Amino acid sequence: MITRRELTDGWEFAEAGSESWLPAVVPGCVQLDLMREGQLADPFYRMNEFEAQSLEDKDWVYRTEFILSEEDLASDELVLVFEGIDTYADVTLNDVALGSTANMFVAQRFDLTEHARVGRNTLRVDLYSAVTNIHTLKQNSPLDLISSTEAARPYIRKAQYAYGWDWGPRLVQVGLWRPVRLEIVRGARVVEPFAYTRSVKDGTARLWVGAQVACYVEQALDAEVCVSLDGETKASARVPLSLVRGDMGFDLLLDVPDAQLWWPNGLGPQPLYTVTIRALSGEAVVDETRIRVGLRTIRLIQESDVEGRSFIVAINGVKVFCKGANWIPADSLLPRLTRQDYYDYIRLASEANMNMLRIWGGGIYEDPAFYDACDEMGIMVWQDFMYSCAQYPDELDWFQEAARAEAEQVVAALRNHPSIVLWCGNNENNWGFDEWWHVGQPKYLGNYVYREILPAVCAELDPSRPYWVSSPYGGEHPNCAEEGDRHQWMVWSNWQDYGLYRQDTGRFLSEFGFQAMPDWRTVLSYTAPEDRGILTPVMRSHNKMAEGSERLLRFLAGRLGLPKDLRSFVYLTQFNQAEAIKTGVEHWRLRQFMTAGALYWQLNDCWPVASWSSLDYYKRKKGLYYYTKAFFAPVLPVLQYLDGRITLHGVSDLLETAGGQAHIRAYGLDGTPRGQATVDVTLLPNQVTPLASLSPADLGIGESLRVLPVEGNSQSVPRAFNGELLDTVVYVDLTVGGAVYRNYLVFDRFRELVLRDAAVRVAKRGSTLTLTTDVPAFGVFLETDRDVDLSDNCLNLEPGREVVIRCSGDPGEVRVVHLADLVARI
Ligand code: BMA
């Protein structure tokens, strides 16, 4: 039996060599402790991050005391567990060295049996500067490695974003960042449990269950496995363990009848079974452990086809179009994230109709709460191993060992989460070998980890999931369109217009992104009044991409026009971002399943910043978040103008054929109704169905000449357009099973349209707002005095149609802005 005792009390810390001890919070970190003590200014405000960097060279000491009884010491095993130490440390108990640590990602266990004593025990952790250490490692290394940001970061097993990223500050967290506790073991313990769904046939799931049992006393034990749902036993088995004393593993197959399957969000429920594994001596329970599992199968379908090779996730035999985003650590100072924060984020992802998040390889193996929430809400997890945008020193024995030990621990700890559907070796390093560093696909520089160590560990400890070498990967070239997953960064990073998404035939887009400013309130929170300009030093410092601010302006100029002022800049960049990502997602969903996934970069932020995220650091929703709900909805109507016709396609993730009605309406941009059409439609299950094809005349759109220069030539060429089409917007409502899915189409970039000044009216009744407009209004944002959550925002309003917005509380005064009055007329 294991008794666990958390060591949260009595901690204090000091800079090494000083006797100025201050109270500390564990789990925590030096930066948060100093902030709490008023000794470090909030690094997220203005440019305070640079001042916080002066801590990097320092060493620190944490200490506490705890009491042990005679009984504790008489136990069979007494272990001190650190769930995570960041990063280099020596651990001492009662002035005796217990050991050293050098990997933030793994738990550290120290046997106390010899050094602990009855009564007071003093625990001390000496933490050494990570930066000093890695610089020494790099200097003494026989290798010459290339990496982005900090050149020595490949030498440390620590979250790589800490050294600065193109969305994050350089803040090298140091401390005991995850819980510390004592484990007191008596008799026996059951550890490393696993339960995989081998197959599901005729409603029965075959589970493969096992664990390790360590036994300390002379006794004959049985292992019992019990599978239950909502407290009711559904299957059980008991096997004798041919063991008297020592360690042994066991495994068995168990059939669970009437299996309630786990489904990704949108496709079905997420029932979670409890698997209890007990070590029994006769009928007495010597130890037990519980895991929560989902009954589901996974297959990665990679089959040759006309475009190359598919890359399709199938859950329970059903192909799933993966809709979601990339996840980065949600704070630069991780210990302050709460379980509730993780649940909030995953709730936001599921409410935005996402079914997958990719945990990106430059961050951390996430908090248990992250995976629990994903299990409960049907968010599939693409799990990278933590290697990103660098060459790694895997030619060195110590690094190989660290990589193996880390993978073994991580896989064993996470493998029971039904949400995790794929292990992936790293972020962009195999792409880097080929395209950035021009070294082909070497044996080392990290490849030994991704191609040898990680697949071997996964095959041994988790044969239930696919292992994928890298993201992007697959095919002739790691980032090719024909096979595997793909990162599309020609748009944004390579300055190209987002119209290019429509030419991208990637099989699974695991990254593509477009920046925007955070919420206006968030901008106010990190600036002083004198910083509130588009290109002030503070504003540029809160955009970490090279030429980030310039790009925000370039893409506004290319699509919408220039902003009137900083506040307009905030809303215009958000609208531009939302439209860009919508363009990509619609294109890739229309290719279902030639393209089988679209994960945009990125869901969240680690500090208040202009970035590619749809939720800012304070979880405030950017325009993109609201758009996400619609473009990832289970049913998506898409209007296109193709070869002179206005077409409507219906993308359906529904698993059954669905009947419905499409109502299409055209308006002049001055608000004049042009024409409309209503069509009865049938949406085929889990695919795309063409629903309508109309001529402009069918929608009352006439002809008139307008001459515009054509985009994309070195010299612009005048071209004649149908001016009436350019002065038109088409709206569609697709009603399926009582729900209405909406979309709209304009016929050129907003920059080219003659938008009229809309009179958008907002009627407020309690916490409900009703919006109306006289002429078509685009990029309509509501700004509320109080920081309330809105059911929708970043709207495109149709004349004569009311839109009702619910606020989470009284919004106070409400202001409204829209595209036509955000663009400067200069
Ligand atoms: C990809 C990611 C990140 C980066 C993002 C935005 O390359 O993997 O490394 O933050 O693009 O540039």
Side-chain angles (χ1 to χ4, degrees), residues 146-150 153-154 159-171 324-330 332 356-364 382-392 424-437 446 450 468-473 477-479 484-496 498 501 504 506 508-516 518 542-552 554-555 573 577 580-581 584 597-607 609-617 622 624:
I146 307 176
S147 80
S148 65
T149 69
E150 165 64 62
R153 71 172 169 82
Q160 303 277 281
Y161 81 111
Y163 297 95
W165 215 264
D166 56 8
W167 34 259
R170 178 176 170 123
L171 268 182
N326 285 266
W327 170 266
I328 61 166
S332 287
M356 181 180 269
L357 292 174
R358 167 172 173 245
I359 299 184
W360 164 81
I364 55 168
W382 169 309
Q383 177 72 56
D384 280 5
F385 284 92
M386 295 302 133
Y387 303 90
S388 183
C389 300
Q391 300 177 346
Y392 285 88
C424 171
N426 69 77
N427 173 68
E428 294 187 344
N429 294 343
N430 293 74
W431 187 18
F433 290 143
D434 264 15
E435 210 169 281
W436 312 336
W437 311 314
Y450 325 135
W468 191 243
V469 171
S470 183
S471 179
Y473 197 71
H477 175 278
N479 200 31
D485 68 320
R486 171 169 165 81
H487 295 188
Q488 163 52 272
W489 284 112
M490 296 306 285
V491 175
W492 191 267
S493 297
N494 279 301
W495 293 90
Q496 301 220 34
Y498 66 73
Y501 286 146
D504 192 299
F508 189 110
L509 276 294
S510 45
E511 278 189 23
F512 59 102
F514 202 92
Q515 279 198 358
H542 285 251
N543 186 332
K544 293 297 183 193
M545 190 189 197
E547 301 177 314
S549 307
E550 288 91 321
R551 278 171 227 252
L552 284 168
R554 173 259 178 265
F555 288 106
T573 57
Q577 178 194 37
I581 300 300
L599 310 179
Y600 63 70
W601 184 268
Q602 68 211 57
L603 180 70
N604 59 322
D605 279 330
C606 67
W607 78 312
V609 64
S611 81
W612 301 260
S613 70
S614 57
L615 294 169
D616 76 20
Y617 172 70
K622 297 193 195 176
L624 172 58

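Remember, it's a predicted structure, so these values are computed and weren't measured experimentally. Because only heavy atoms are used, hydrogens play no part in the values below, and waters and symmetry mates are left out as well, while side chains stay in. Order of listing sets the numbers, starting from 1, for every ligand and every atom in it.
Shortest contact from atom 8 (O) of ligand 1 to any protein heavy atom: Glu511 OE2, 2.8 Å. Nearest non-hydrogen protein atom to atom 12 (O) of ligand 1 is Asp166 OD2, 2.5 Å. Closest to atom 9 (O) of ligand 1, if we only count protein heavy atoms, is Trp165 NE1, 2.9 Å.
One finds no salt bridge joining Glu511 and Arg486 here, because no Lys/Arg side-chain nitrogen approaches an Asp/Glu carboxylate oxygen to under 4.0 Å. Look at Glu547 and Arg554 and you find no salt bridge, because none of the NZ, NE, NH1 or NH2 atoms lies under 4.0 Å from a carboxylate O. A salt bridge links Asp384 with Arg358: the closest approach of a Lys/Arg side-chain nitrogen to an acidic carboxylate oxygen falls below 4.0 angstrom.
Within the structure, ligand 1 lacks Gly362 among the residues with a heavy atom less than 4.0 angstrom away. Using a 4.0 angstrom heavy-atom cutoff, Trp492 does not count as in contact with ligand 1.
Residue Asn427 has at least one nitrogen or oxygen atom sitting less than 3.5 Å from a nitrogen or oxygen atom of ligand 1, judged on distance alone. For Trp360, a nitrogen or oxygen atom sits less than 3.5 Å from a nitrogen or oxygen atom of ligand 1, counting backbone and side chain alike.
Aromatic ring centres of Phe512 and Trp601: separated by at least 6.0 Å. The six-membered or imidazole ring of Trp436 lies near that of Trp431, with a centre-to-centre distance under 6.0 Å.
In Glu428, the part holding a heavy atom less than 4.0 Å from any atom of ligand 1 is the side chain.
Below 30°, between 30° and 60°, or above 60°: for Trp468 and Tyr473 the angle between ring planes is above 60°, a perpendicular geometry.
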Worksheet item: Should Trp382 and Trp327 be marked as a ring pair (Phe, Tyr, Trp, His ring centres under 6.0 Å) after you check the CA-CA gap, both sets of side-chain angles, and the distance that decides it?
Response: CA-CA 10 Å; Trp382 169 309; Trp327 170 266; over 10 Å; no

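Remark: ligand 1 atoms within the under-4.0 Å shell around heavy atoms of Cys389 are 9 (O).
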